[in-house]
Amino acid sequence: MRKLLRLIKKLILTILIVLFLAIAGLVIYVHFFFDMNKYKPLISKIVEEQTGRRFVINGNANLGISLIPTLELENVEFANAAWSKNPNMVQLERLDVQVSILPLLKKEVEIYRVILIKPEIFLEVNAAGVANWDFAAQQARMEFQKQYAQAVETIDAQIDNEMNELAIKSVFAKNVLIENGLIKFEDHQKKSVMEVKANEISLTSKSATDDVKISFDVIFDGNDIVGNANIGSIQSLFESFEPYPVMLNVKAFNVAATVEGSIINPLNNNIHYIVNVQATNPRGNFGAPQASLVANIDGGLDKVKAIIQSLVVEGNAMNGSITADISGKVPYVNARLLSDLINLETLLPQEKTSFVLPSLIASAYATPLVPNVPIPYDLLGLANANLDVEIKKLIINKDMSTRDVNVEAKLTDHVLDVYMIRTNFGDGMLSADFKVNGKNKTLAANVYSKNLVLQKIYQPFNDTTGKNFAILDGGKAEVKATFNAFGSGSQELVNNLSGQAIVIVDKSTINMGQLDLFSGNVVGEVFNMLKINTKKNPKAELNCAVVRTDITNGKLSFPNGIAVDTNQFKISADGSVNLRSEKIGFTIKPFSNITDVANISRAVSSFIKVGGTIENPTVGLNEEQAAKAIVGMALGAPVYAASVALDANSAPCYTALQNTVYSKHFAAPTGVSAAGQDVYQGTEKAVKTTIKGAGKVLKTTIKDTKNALKGVGSSSNAPADAAKEVEKGVNELMNMFNQK
């Protein structure tokens, strides 16, 4: 018995030695004598027969034998479809595949590692809708050959069973690494191109039944996309009908997002996913404010629904729902958003511009009115949509807010209609509608209001201290504006802007106060030059106020379109603002009851012009009008009074609204006497007939005029220059009188 055992041990030892020597010999043979390159043509032939495409290994091919054999291929090319301009569909610099031997005993193919160095994959869809990865024709031919072979061969059922027993149960890769790869997709039907560069993509898993860990660092559209993911096992992906778990952390386009949930039927057309999404966008990214999103998304390949639990933009919270039908060529989106409070001060750049209420033209801080920005009309074609937004309170700035804002919008075939904006604004109603047509690149807008109350709109107008400008009573206003424009960019839109805007304020009681609202801007300078004494008479009865502008091709005309009518003074302004050149030009016309010829400073300072540009406006005296006034004084007090009442118009608001829908909003003017008007209009003729007297008066008043000008417009840089100009005009008149 002992001898038998010894014999068996020796036999086993001998067999092991022989096996070891055989394996060692095989390894030595493969390493030194086996040349994988001899089989490259065979490999190429097999791939070509299976796909109908050329497959070439241009570089070295090597097979390393060990417990983990390694296949190495260099400079591999796989041909593209015949219709493609790109010669290769796939090409790579190097491919390494390591396969574990022991799992083969269990009929499992375990790929220990796959490494792809510089793989380039070109995916295309031609104009007929055929994809370059479609091998259907070749596969149909192969299937026919297979069926023919099966028809002429008789295979015993037992052999089939044995073959099934020998079949591989599974194929699994533990580690996959892609470095410096490129995937380019081009759709010739839609004329779109997408390119993804892979710096590194790795997939790892312990076994086919363990979860897969993924990390990626890719570049899409010039932007880094990095992140990691945990997904379910490979086995559950193919075999299980249970929800397939997915967890993703990604940072793309500087947006950080976490997606966690599950996918049902991930490998067929009935795919369905339910995920929770959290995302944050930092301030300034995409030129947008800081934002965060928490939402539940439920959908499939055709329809998606998102329940927004929280959308916070710079501290402004919203919630609602968004549904999208993505089954057609153009997605259809239906969105409803709700918010208790939105503060625009946190959302919009806080930059003073040329038209910030109440500073009509902020000379110290003005910036170019319109930057040259292209209008992204193409975005209107990305989807069709309905939008409904409700905001309980909207804060425009610290002094202005509104309630119950409702916005309804519709986007259809490149046309955006914001057909209803309603809000409870200043105890009244403000409505607007807009239309942007992306096809013909046009824009149209209508704004209208009813029963607005200014002191309820703008908080400083409700000042109760008695020190500052305030509206004590009344304050009802109406607004009506229509605009239309066309162009590819913002400047072109402005250059082609046309329409009309009207603001009307009815009877009110005003506390003039210190006019702090108008400090540091052109309006303040104008009031300074008018020398309106608000301290002596702080309270004024406003009969009316009007701002009316007619817009044609980027030029805003104010045909006597700015009017203020109070019991203390009346002012009318006529002029224009050219948005193309940004030049401005206004003449301010006072209607004060100035009859004191000795009050030269007040008389001369009543004639004002505003010029320069929106960015750099200037305020000065209107030399021509001032000279006429001085001549009027020379002719006598009655003529002087007529010259001050420039338009002979006691109803400037009525005049401002002529040829508009509000032409009958105010009563027609009574005017000044015809004689007084004739005297004003004929000032030049009157001067010629009374030269001697006028010259005498001028000589005695020039000195007073110069002294008066020193105190005019103290808040402006213009008085010194204006004084010189008026002095020059007066001297010219003097010369004329002396010559006569």
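We're numbering straight along the sequence, starting at 1. Basis for what follows: all heavy atoms, side chains included, without hydrogens, waters or symmetry-related copies.
- Proximity of a side-chain donor or acceptor of N316 to a complementary backbone N or O of T346 within less than 3.5 Å is not detected.
- Under the side chain to side chain donor-acceptor pair (under 3.5 Å) criterion, E408 pairs with no residue at all, not counting sequence neighbours.
- Annotation: side chain to side chain donor-acceptor pair (under 3.5 Å) contacts of N265 (sequence neighbours excluded): none.
- Within a 6.0 Å radius of NZ in K40, more than 12 heavy atoms belonging to other residues, nucleotides or ligands are found.
- Listed by first then second residue, pairs satisfying salt bridge (charged side-chain N to carboxylate O under 4.0 Å, His left out) with a partner in residues 320-338 read R336-D388, R336-E390, not counting sequence neighbours.
- With sequence neighbours left out, the salt bridge (Lys or Arg N to Asp or Glu O under 4.0 Å) criterion links D224 to no other residue.
- No donor-acceptor pair closer than 3.5 Å links the side chain of Y332 to the backbone N or O of A383.
- Applying the salt bridge (charged side-chain N to carboxylate O under 4.0 Å, His left out) test to pairs two or more places apart or on separate chains, those with a residue in residues 272-301 are R283-E314.
- Judged as a salt bridge (Lys or Arg N to Asp or Glu O under 4.0 Å), and not counting sequence neighbours, the contacts of D413 are K439.
- For V436, the side chain to side chain contact (heavy atoms under 4.5 Å, CB included) partners are Y377, L380, L416, L443, not counting sequence neighbours.
- Heavy-atom minimum distance, M194 versus F220: CG-CE1, 3.0 Å.
- In this structure, the side chain of S490 engages the main chain of V373 through a donor-acceptor pair within 3.5 Å.
- Side-chain N or O atoms of N80 include one that pairs as donor or acceptor with a backbone N or O of N86 at under 3.5 Å.
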Anything under 3.5 Å between a donor and an acceptor, one on a side chain of residues 251-263, the other on a protein residue two or more places apart or in another chain? List them.
residue	atom	partner	partner atom	Å
N254	ND2	N285	OD1	3.4
T258	OG1	N249	OD1	3.0

Q. So K184 and V193, side-chain contact (heavy atoms from CB on, under 4.5 Å) or not? Walk me through it.
A. CA-CA 7 Å; K184 185 175 182 179; V193 178; 3.8 Å; yes

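- Residue pairs meeting the salt bridge (charged side-chain N to carboxylate O under 4.0 Å, His left out) criterion with at least one partner in residues 371-382, sequence neighbours excluded, do not occur; the list is empty.
- A donor-acceptor pair under 3.5 Å is formed between the side chain of S236 and the backbone N or O of S233.
- The CD1 atom of I308 sits 8.0 Å away from the CG atom of N319 when rounded to the nearest 0.5 Å.
- Partners of E77 according to the salt bridge (Lys or Arg N to Asp or Glu O under 4.0 Å) rule, which considers only residues two or more places apart in sequence or in another chain, are R54.
- In this structure, D211 contributes its side chain and N230 its backbone to no donor-acceptor pair below 3.5 Å.
- In this model, a donor atom of one side chain and an acceptor atom of the other lie less than 3.5 Å apart for D217 and N199.
- A donor-acceptor pair is defined here as one N or O able to donate and one able to accept, closer than 3.5 Å; no such pair exists between the side chain of D417 and the backbone of Y419.
- Listed by chain and number, the residues in a side chain to side chain contact (heavy atoms under 4.5 Å, CB included) with I117 are E93, R94, I115, E179 (sequence neighbours excluded).
- With sequence neighbours excluded, no residue satisfies salt bridge (Lys or Arg N to Asp or Glu O under 4.0 Å) with E74.
- Looking at T323, its side chain never comes within 3.5 Å of a backbone N or O of K305 through a donor-acceptor pair.
- No hydrogens or angles considered: a donor-acceptor pair under 3.5 Å links the side chains of N296 and Q309.
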